[in-house]
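Naming convention: chains lettered A, B, ... in sequence-line order (proteins, then strands); numbering from 1 in each chain. The analysis underlying the following values was restricted to heavy atoms, covering all of them including side chains, and did not include hydrogens, waters or symmetry mates.
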Number of protein chains: 2
Amino acid sequence: MSLTKRLVASSRERIFAAAAGEFAARGFAGASVDRIARAAHVNKAMIYYHFRSKAALYQEILRDMFAAVAARVADVDASADAPADKIRAFVDAIANAAEARPHFPPIWVREIAEGGAHLDPGTLSHVTAVVKTLGRIVREGQSKGGFARINPMLIHAGIIGPVLMYFASAALRQRLARAGVPGVAQLSRETVVAHVQRVAVMTLEGEGV
Amino acid sequence: MSLTKRLVASSRERIFAAAAGEFAARGFAGASVDRIARAAHVNKAMIYYHFRSKAALYQEILRDMFAAVAARVADVDASADAPADKIRAFVDAIANAAEARPHFPPIWVREIAEGGAHLDPGTLSHVTAVVKTLGRIVREGQSKGGFARINPMLIHAGIIGPVLMYFASAALRQRLARAGVPGVAQLSRETVVAHVQRVAVMTLEGEGV
DNA sequence: GTCTATAAATAGATAGAC
DNA sequence: GTCTATCTATTTATAGAC
């Protein structure tokens, strides 16, 4: 591989990107290898040249995506910031990871609905690392930062739930906006992230409890 | 149809229930009419006797589910409670609707990921009714209850996101608990609902803002 | 209402030429 | 690395007997 970015993506990269789109749009079982091949402008046999099977291709996409979130979250964990700032940075990390790979949120949401059936052990460990890290940050704030004694998983739900739903629901929100629901069109990425950050920190710092 | 509940469900009811499970587990495109027939203990031809197509069957399930949420939310809207109590009741309504039909949360979450592609106009109007109702409750509280001036859609995201993810993630949470993530096993329905209620009301009543 | 049988299209996957 | 051609299983859906 050359050090400069090639002008034309390799067939493997094209397959990878096309597959992410297909899995995002139709789910694992609904995705078709034929359609992925067409979208990637390769022959179907090329997919089996680069990947063992449809399931292996899907698992590789999952691994790539969750490894990226886990890496961002690990950076947050390693910083010297105060717990409240780490919470804010955690929210940012999730939002940035979701934004960097447009097909990630729908795939993530679908995988949750399937009970993580396609997560291989390595990918599952990335997921647990993310969840455990937030737990550690919350407990750190509880022991020496005055955080309220709340189950860290509630904070997790309050962050992942809204952020993931926001990014996964772009198309539906557009339909709701056209149907005349007020406020949907004004829901920007920044607004949502800032709100989730504020609510998480506010809940933990105990004002109004 | 008799007035008392029959001991054995009709073939139509069995198909309906089996289809909900199949769509929840595999998504619309991944669901198989053959598998639905086997699970419902009917012949595949029976499905086409009762329903026009796989898509029509799916849309009928969606309509039934969203009509149920819309009905519960309409009751909340019609009550004479104070805005803050209506917010709490709205959270309860969503949670109860999700709980009453175990396959609803995964189907809902998947439909969001698909941009609501399978929502017919009638069902879409149920969805917009739910979202609009929460908006009305928030604005009511803003004009005469001292609620903070926040985009109601942020409150909506803060409710639907965590509640829906909680109910849709039961299987994955079990895996995370087994993988040693602390706190996941203790995350009960009551804890989550109470937390989401408290956070929504706290955000709106402006403490710590 | 319920069944068997089957059509017609598409699925995932592979063999083998170049 | 890339292609054509093909195998086999499964897909949605229907025709028609009972």
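The separation between A:Met46 atom CE and C:dA13 atom C1' is 15 Å, rounded to whole Å. When rounded to the nearest whole Å, the span between CZ of B:Arg35 and P of C:dA11 equals 15 Å. The NE2-P distance, from B:His50 to D:dA13, rounds to 16 Å in whole Å. Put simply, NZ on A:Lys54 is 4 Å from P on C:dG12, counting in whole angstrom units. Note: CG (A:Leu57) to P (C:dA13) measures 10 Å, nearest angstrom. The separation between A:Ile47 atom CD1 and C:dG12 atom P is 9 Å, rounded to whole Å. Atom C1' of nucleotide D:dT6 and atom CG of A:Asn43 are separated by 13 Å, given to the nearest angstrom. In this entry the distance linking CD of B:Glu13 with P of C:dG1 reads 11 Å, nearest Å.
Among the atoms of the strands shown, only primed sugar atoms or phosphate atoms (P, OP1, OP2) are found under 4.0 Å from some heavy atom of B:Ala31.
Between the side chains of B:Thr191 and B:Ser188, at least one donor N or O sits under 3.5 Å from an acceptor N or O.
A donor-acceptor pair under 3.5 Å links the side-chain atoms of B:Lys86 to the main chain of B:Asp77, judged by distance alone.
For B:Trp108 and B:Phe167, the ring centers sit 6.0 Å or farther from each other.
Ring geometry for B:His118 versus B:Tyr58: interplanar angle over 60°, hence perpendicular rather than tilted (30 to 60°).
Of the two residues contacting DNA chain C, namely A:Ser32 and A:Arg52, the nearest-nucleotide position lying further toward the 5' end is that of A:Ser32. Residue B:Arg14 is the one, among A:Ala29 and B:Arg14, whose nearest nucleotide of DNA chain C lies closer to the 5' end (criterion: closest heavy atom).
Considering only side-chain atoms of A:Tyr49, the nucleotide from D:dA15, C:dG12, D:dT2 that sits closest is D:dT2.
Residue B:Tyr48 places none of its side-chain N or O atoms closer than 4.0 Å to OP1 or OP2 of D:dT14.
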